[in-house]
Enquirer: 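This is the structure I want to talk about, given as structure tokens.
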Amino acid sequence: MKILVAVKRVVDYAVKIRVKPDKTGVDTQNVKMSMNPFCEIALEEALRIKEAGFAKEVVAVSIGPPQCVDTLRTGLAMGADRGIHVEANSSFLPLTIAKILKSLADVENPGLIFLGKQAIDDDCNQTGQMVAALLGWPQATFASKVVVLDKDKQFATVDREVDGGLETLSVDLPAVITTDLRLNQPRYATLPNIMKAKSKPIKKMTLEDLKVDIKSDIEIVEVTEPPKRKSGVIVSSVDELIDKLKNEAHVV
Amino acid sequence: MACKVTEFGAVREVWAGFSLGHETCCSLRNRVDSTKTQRFVIGCQQENAAFPYPDTGVILTFQLSLLFLVVVELITNIFFGKRELDVSAGGRKRIMMMIRRWRRSGDFLRSACKSLTSLRQKHNSMSPSVSGFVNRYESKGKTFESNAWNDHNRELDHHSCVGGNLWMMQQYKSFGSSSSSASKLQRNPLFSSLEPRDVSFFNEILGGEKYVVQDEERLETANTDWMHKYKGSSKLMLLPKTTEEVSQILKYCDSRSLAVVPQGGNTGLVGGSVPVFDEVIINVGLMNKVLSFDEVSGVLVCEAGCILENLATFLDPKGFVMPLDLGAKGSCHIGGNVSTNAGGLRLIRYGSLHGTVLGLEAVTANGNVLDMLGTLRKDNTGYDLKHLFIGSEGSLGIVTKVSILTQPKMSSVNLAFIACKDFLSCQKLLVEAKRNLGEILSAFEFLDNNSMDLVLNHLDGVRNPVSSSENFYILIETTGSGETYDREKLEAFLLKSLEQGLVSDGVIAQDINQASSFWRIREGITEALQKAGAFYKYDLSLPVEEIYNIVNDLRGRLGDLANVMGYGHLGDGNLHLNISASEYNDKLLGLIEPYVYEWTSKHRGSISAEHGLGVMKANEIFYSKSPETVALMVSIKKLLDPKGILNPYKVLPHSFFSP
């Protein structure tokens, strides 16, 4: 079985982002970019399934500018077998990505597609679900535990974290699974693996190869910062506090 | 002279001293002076194992009786003796002798009983250092054999063992070297004590009680250092808001001979930021404004009370970083950093504060404000006095403003965590890193296996990035402007080292989160040490080849007694040697000091690479500096601070300043 893992190159989680002055988006010049944390978890899970013997190959896919190759190299250094880079000059919305992944799935025929539940730059939480719908495959989102019972039975048991608690699903393979935070702790990319990754292939593909229509019905009009929180006031005594609560905040 | 026998054996001896006359008293004094008050205590035999706690009232009574007797002696000599009141030199000398005898007895009693009745309030579950007590009574082993006493030493809560005499707080608790004269450190009698009129004067110039702190709880924290090893007993903390206020405070304190301690974030590791006795604390924490920042040159001018992390946060959106970074960044003040010439993790890249501080404003002991706040990169006009203040640990002046050159922020930061089999590989790796990573190298730290184990055991959420346990771990950080280029350079360097066998395993952080977890391991060692119990901390500069030899030698010397750890800034040749034991123990201390200092001195290293001397190593300066140099330092100190009110008992050996 082949596992396809989609990874996204995003602004690093720990960076303080700023909105560009022209309000067209977030400033991504000179900021550290890295793999989306949920995608790391997805890749880690795929690797664990492969190490357990249920899959033969893990393929990492990334869609974006040339720098995505760095992200793919990270994926290869973690243990993926090969990478696919789909060249794209602008950033795409989830539906377009889902269409691209569908075309890839038609070509590669994976048994499982792993994605992170959402990307930390747009927080859409849509791509996984859309891919499943386009392919007509079952989906198990927000997975906090994945167990593939065995190759022959061709189904997997997935625990999902939902608002009410944990839901256990049994999904027939091939399926789409999106991963949540508590699924696993991603491994570090060790030096020997980084060395091996240098020889693993990364295939380049273009949108024309995949015959995907990238016209989007959604256009981002403006990106603004949330309103700034007003700073607090330090009061010097309890009396002053009560006075402020009574007269200024009107809550007492 | 009547010999009053009391049940306090110690008292008995003193009495004997008095009645035996001047010569014996002198010999007693000599014994006291030869570093061991304890030795005198050894002399007195205790019959009852349960040593009664002399309380204040008793001490006072005793002293008054002594005074009475001295006076009686004087009067006897004057009126009933065969001679007139002899006011010649010899006579005055005799009177002085008697007064000294009285003083000595008082001092002796105070020091003898101090530890018994002193209290250490413990704030956390870490066992408080009790070696002050142990220092006195368990000296080179022989005094109070009573096991009850030794058990008391180990008790964490002193309240149960002390007779409840709460206000007789010990003024000075000596820790650290038992061979140092810390044990006989006494409050300089030339300093005045705080009086109500002083408090009202401060109230007037600072504008209210908010800035003149006498609240017990706040003083408690201000009096105790970060490691809870050093504790003073100051009764007053001042919070000035402007340089003018600092100047007025110091002018007044100088005129009144009130000793002061400049305090910043109180994160120092050598007891330099807390009072030793009752010095007035001047905390510059309220002077925390950024005055100006030039986005072209990167020069930042700010007040001394700015917290380092806040400055870094201020600079971040502007695209600049502070040229220093240390574990204490969340609490330390830039004024304190400058005054102690702090080093930190990035010294290897940005250099020391002597290079990056372009100017500062300081207030000297007599209230004079020295405006050396230049923002120029080059200014060769006269002697560059700011360097005197950088690293003087607050003993020459209080730094109130700092002008520092910040560095442009580079976006591409990579961090690798590497395991090496032996120290020789670590050294070779350092040489190769400097050559191959060159301009992008920004940090090179190392830690040994014991440190890693300590961190894994005592901190949560930490895991060893390398799967196998090795002898040494190295952190290499690169900072540059080209993401892909830097990454490739680092990977190529590491892979080559892997092939050459210098590196046995390693991991490169993929995002900032992973990088923070690697740094957590290295920066968390100090925290883990605190949680592990008692620790002795040394900060040495040694030639890189020798750095680990001292760790091995000390390990062999201490054997099973304690856990010896070595970690530090390998790139700068700076070792942080730490010895962790379950409790403080004088025997252990005796094995460590002065062995560590002598070893360092023999290899022409520094006994304090970046932590400073503070009160912990003030007397050990000779291990690293020649007597002539120290003598010149003392003259400079006396020139700038004739009364010695700024941070007394620290940095320079006590013998130069005691009356």
Enquirer: Any salt bridge between A:Arg18 and A:Glu225, counting N to O under 4.0 Å?
Expert: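 Here A:Arg18 does not pair with A:Glu225 in a salt bridge, since their nearest N and O are not under 4.0 Å apart.
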
Enquirer: Measuring from atom CD of A:Glu161 to atom OG1 of A:Thr141, what distance do you get when rounded to the nearest 0.5 angstrom?
Expert: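 Here the interatomic distance stands at 11.0 Å.
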
Enquirer: Checking A:Glu40 against chain B: side chain, backbone, both or neither under 4.5 Å from a heavy atom?
Expert: side chain

Enquirer: Using non-hydrogen atoms only, which part of B:Ser517 is less than 4.5 Å away from chain A: side chain, backbone, both, or neither?
Expert: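 Contact with chain A: side chain only.
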
Enquirer: From the options A:Thr178, A:Thr127, A:Asp123, select the one residue that forms a side chain to side chain donor-acceptor pair (under 3.5 Å) with A:Gln118.
Expert: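 So, applying the side chain to side chain donor-acceptor pair (under 3.5 Å) to A:Gln118 and each of A:Thr178, A:Thr127, A:Asp123, only A:Asp123 qualifies.
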
Enquirer: Below 4.5 Å from any heavy atom of chain B, which atoms of A:Arg187 appear? Answer side chain, backbone, both or neither.
Expert: backbone

Enquirer: So, for B:Leu495 and A:Lys198, which heavy atoms are closest and what is the spacing to 0.1 Å?
Expert: CD1-CE, 3.5 Å

Enquirer: Is NZ or CZ of A:Arg48 both nearer than 6.0 Å to the six-membered ring centre of A:Phe54 and within 45° of the ring axis?
Expert: no

Enquirer: Show your working on side chain to side chain contact (heavy atoms under 4.5 Å, CB included) between B:Val284 and B:His333 and close with a plain yes or no.
Expert: CA-CA 9 Å; B:Val284 295; B:His333 295 178; 4.1 Å; yes

Enquirer: Using a 4.5 angstrom heavy-atom cutoff, name the option from A:Pro37, A:Pro192, A:Ala77 with the most pairs to chain B.
Expert: A:Pro192

Enquirer: Will you find, in the side chains of A:Gln185 and B:Arg463, an N or O donor that is under 3.5 Å from an N or O acceptor?
Expert: yes

Enquirer: Measuring heavy-atom distances to chain B, does A:Tyr13 have an atom under 4.5 Å in its side chain, in its backbone, in both, or in neither?
Expert: side chain

Enquirer: With sequence neighbours excluded, tell me which residues meet side-chain hydrogen bond (donor to acceptor under 3.5 Å, both in side chains) with B:Glu295.
Expert: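 Here no residue qualifies.
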
Enquirer: Which region of B:Gln510, side chain (C-beta onward) or backbone (N, CA, C, O), has a non-hydrogen atom less than 4.5 Å from a non-hydrogen atom of chain A, or is it both or neither?
Expert: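 Answer is both: backbone and side chain atoms of B:Gln510 are under 4.5 Å from chain A.
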
Enquirer: In terms of heavy-atom proximity below 4.5 Å to chain A, should B:Ile508 be classed as side chain, backbone, both, or neither?
Expert: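 Both parts, backbone and side chain.
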
Enquirer: Just checking heavy atoms, which of residues 4-12 of chain A are less than 4.5 Å from chain B?
Expert: A:Arg9, A:Asp12

Enquirer: Could you tell me which portion of B:Val503 (side chain, backbone, both or neither) has an atom closer than 4.5 angstrom to a non-hydrogen atom of chain A?
Expert: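 For B:Val503, the contact with chain A is made by the side chain alone.
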
Enquirer: Nearest 0.5 Å, please: how far is CZ in B:Phe417 from CG in B:Asp505?
Expert: 11.0 Å

Enquirer: Between B:Glu477 and B:Arg346, is the closest basic N to carboxylate O distance under 4.0 Å?
Expert: yes

Enquirer: Please classify the contact between A:Pro186 and chain B as side chain, backbone, both or neither, with a heavy-atom cut-off of under 4.5 Å.
Expert: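 Contact with chain B is through the backbone of A:Pro186 alone.
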
